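One structure is given below, encoded as structure tokens.
Computed from a prediction, not measured in an experiment: that's the story for all the values here.
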Amino acid sequence: MAELRHSSSSPGSRATSSPRKRDEDASPLVHDHIPQDDDDDHPRHSLRDRDRSFWSQIHSFFPFFNDDPRDSQHASRILLLLILFIAIIGLISIFSILHRLNSPYLCKKDGIVLHCPRVKENPSLWKNPFSATTSWKPCAERRVSGIPDLPPENETSGYIFIHAEGGLNQQRIAICNAVAVAKIMNATLILPVLKQDQIWKDQTKFEDIFDVDHFIDYLKNDVRIVLDIPEWFTDKSELFTSIRWTVKNIPKYAPAQFYIDNVLPRIKEKRIMVLKPFVDRLGYDNVPPEINRLRCWVNYHALKFLPEIEQMADLLVSRMRNRTGSPNPYMALHLRFEKGMVGLSFCDFVGTTEEKDRMSEYRKKEWPRRYKNGSHLWQLALQKRKEGRCPLEPGEVAVILRTMGYPKETQIYVASGQVYGGQNQMAPLRNMFPNLVTKEELASKEEVAVFRKHVTSLAALDFLVCLKSDVFVMTHGGNFAKLIIGARRYMGHRQKSIKPDKGLMSKSFGDPYMGWATFVEDVVVTHQTRTGLPEATFPNYDLWENPLTPCMCKA
């Protein structure tokens, strides 16, 4: 991979003369040519005569230089002051240059460390410059006609129960979908169970993360929610294992009509049914608008973290804003470069031969059907990188942020798991942005220990600190980033959210002939409109990342 080359010339630079000509013009060893008369009667001027001629010129320019000792003493003082003045000006200029060049920034491109010139800080770095150009506002709370009132308890069609799988954010989406499905079928929802995640090994319950009373009370006019399985149901131990109580054939992104035609009859027959799996089992553009609005209502208003989580997150936000002793903005960076993500991406990354061999063995073990014999993976990795489907490395993120104009002093909160490659992989990012911290560095061990018993609550802290940041930067896809960007859009899209164009970045990072100035221009121009504004919806759009319609309305 080639190194990012600096431009060899700058606008306004003068053309340089040849080395020989330059030496003739500037060398102190070459004396001015003195014309000589061929007539021997005219002797050559002596060095003393030339000195006298020089001082005569000085006298002509500065009349106070004369033979009078008093005037000479006065002239010496003036000359000394003049020299002192010139020296002070020179020192000021030197310090100014040193200040501009202070703390060189190290960038990494294709694995090569280089010096990145400073980029002038733009005043719009810490706000969304285009937020005033739109007049969209949140309106999921607004009740509209078309959504039926809640029927009496004994008139609902039955009970549905789900296991919310995955991490915190995947569980959040499942909960929102469960409420929507209950509304579609006029069913009673049993409080969802947060299924133990096989990666995090977490045993967190709904009530360990979310405010249950607020959740039920907020939705009481839309969906009936109960805390537990009804007492009349005697097969509780078999509810999730018996096929007769389970609906398992729900397709991904199913339309609302599928539930009415295929699930509702079974609920009416059995009175209680488990829906599993329940990940992305409800579509976006094939359900009524009022159902989508209800999902936003759940996501942005009904699902609220416990007060102690909210308070700790506010404390971390306050510490981020006051780390320098005075109020300052901060950036939240969702760095998705954990071993699992790197492995699952099947992309190629900078590293030693030993690291690449270990990653190959890891992929072969975890995803044997995709790995096969590994012969096709190199071409696959190249194609995915061109399409912008590979996670950004920490060093690549550093170069992009530097190019956008964020200074070395930028305060950055990192929401991430264990970064693959450890400190070596993080070094370029830390070198360029040393004011980079995690929640473990912001909080004391005692403060963090309170939340360690539930891994999901640690993820909730990251979620809230990122949500409230002045600038949020995502480096790869995923439910965490989608929900953060969607919530910031919903709250008024004044907070800046940066979603890097990874396809363009891949092309630019791999271009050996692209100069720094061209690279800067490409990055800045491309990302001017990638700041988290609501976007027009399209078929199969993602409601969680872009809740424009029907969850937002024109002011």
Side-chain angles (χ1 to χ4, degrees), residues 128 136 138 140 164-180 192 194 197 200 202 204 206 209-211 215 218 253 278-284 292-306 309-310 313 317 331-336 338 341 391 413-417 439 455-469 471-500 530-535 537 540-552:
N128 195 337
W136 290 94
E165 303 171 334
L168 171 65
N169 300 290
Q170 193 170 353
Q171 292 170 346
R172 187 185 191 100
I173 292 174
I175 293 167
C176 295
N177 286 340
V179 172
L194 306 187
D197 187 85
W200 299 110
D202 192 24
T204 304
F206 190 105
I209 297 295
F210 299 109
D211 187 330
F215 178 71
Y218 224 76
Y253 302 115
F278 200 71
V279 179
D280 296 324
R281 285 321 194 257
L282 183 63
Y284 303 116
N292 277 337
R293 186 178 294 108
L294 176 62
R295 287 200 276 187
C296 290
W297 173 241
V298 178
N299 186 30
Y300 302 124
H301 301 281
L303 276 176
K304 187 176 181 181
F305 292 115
L306 291 175
I309 297 177
E310 297 269 2
V317 169
M331 172 188 293
L333 174 63
H334 185 221
L335 191 59
R336 295 213 70 190
E338 305 91 349
M341 177 52 63
Y413 179 90
V414 178
S416 172
K439 56 182 172 294
V455 178
T456 309
S457 62
L458 292 175
L461 291 176
D462 276 342
F463 184 92
L464 290 172
V465 177
C466 289
L467 183 65
K468 298 177 182 182
S469 64
V471 172
F472 172 71
V473 182
M474 62 173 289
T475 61
H476 198 48
N479 292 318
F480 182 99
K482 288 194 298 186
L483 286 167
I484 292 289
I485 290 179
R488 290 163 73 90
R489 281 173 166 157
Y490 181 79
M491 292 188 300
H493 50 268
R494 293 177 181 82
Q495 296 170 298
K496 194 171 183 179
S497 300
I498 299 174
K499 185 177 181 180
R530 299 175 71 90
T531 56
L533 294 180
E535 298 175 355
T537 55
N540 298 316
Y541 77 98
D542 195 314
L543 176 72
W544 313 113
E545 185 174 350
N546 184 35
L548 180 62
T549 55
C551 303
M552 300 181 72

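- Contact of the F472 side chain with the H334 side chain is registered, since non-hydrogen atoms from C-beta on lie closer than 4.5 Å.
- For the pair C296 and L543, the minimum side-chain heavy-atom distance is below 4.5 Å.
- With contacts defined as side-chain heavy-atom distances shorter than 4.5 Å, the pair H476/M474 does not qualify.
- Residues L464 and V317 form no side-chain contact, since every pair of their non-hydrogen atoms from C-beta on lies 4.5 Å or further apart.
- The distance between the ring centers of F215 and F210 does not fall below 6.0 angstrom.
- Here the side chains of Y490 and N299 are not in contact, with every heavy-atom distance at 4.5 Å or above.
- Between the NZ atom of K468 and the CD1 atom of I484 there is a distance of 11.0 Å, given to the nearest 0.5 Å.
- When every heavy atom of F480 is checked against every heavy atom of A415, the shortest pair comes out as CZ-CB, 4.4 Å.
- R295 places a side-chain heavy atom less than 4.5 Å from the side chain of Y284.
- Using a 3.5 Å distance cut-off with no hydrogens or angles, the side chains of N169 and R172 do not pair a donor with an acceptor.
- Ring geometry for H301 against Y218 counts as parallel: the plane angle stays under 30°, on a 0 to 90° scale with 60° as the upper cut.
- Between the side chains of S469 and R488, at least one donor N or O lies within less than 3.5 Å of an accepting N or O.
- Residues forming a side-chain contact (heavy atoms from CB on, under 4.5 Å) with K482 (at least two apart in sequence, or on another chain): N479, D542, E545.
- Scanning both residues, L168 and I209, for their nearest heavy atoms gives CD1-CG2, 4.1 Å.
- Across every non-hydrogen atom of L467 and A487, the tightest pair is CD1-CB, 3.5 Å.
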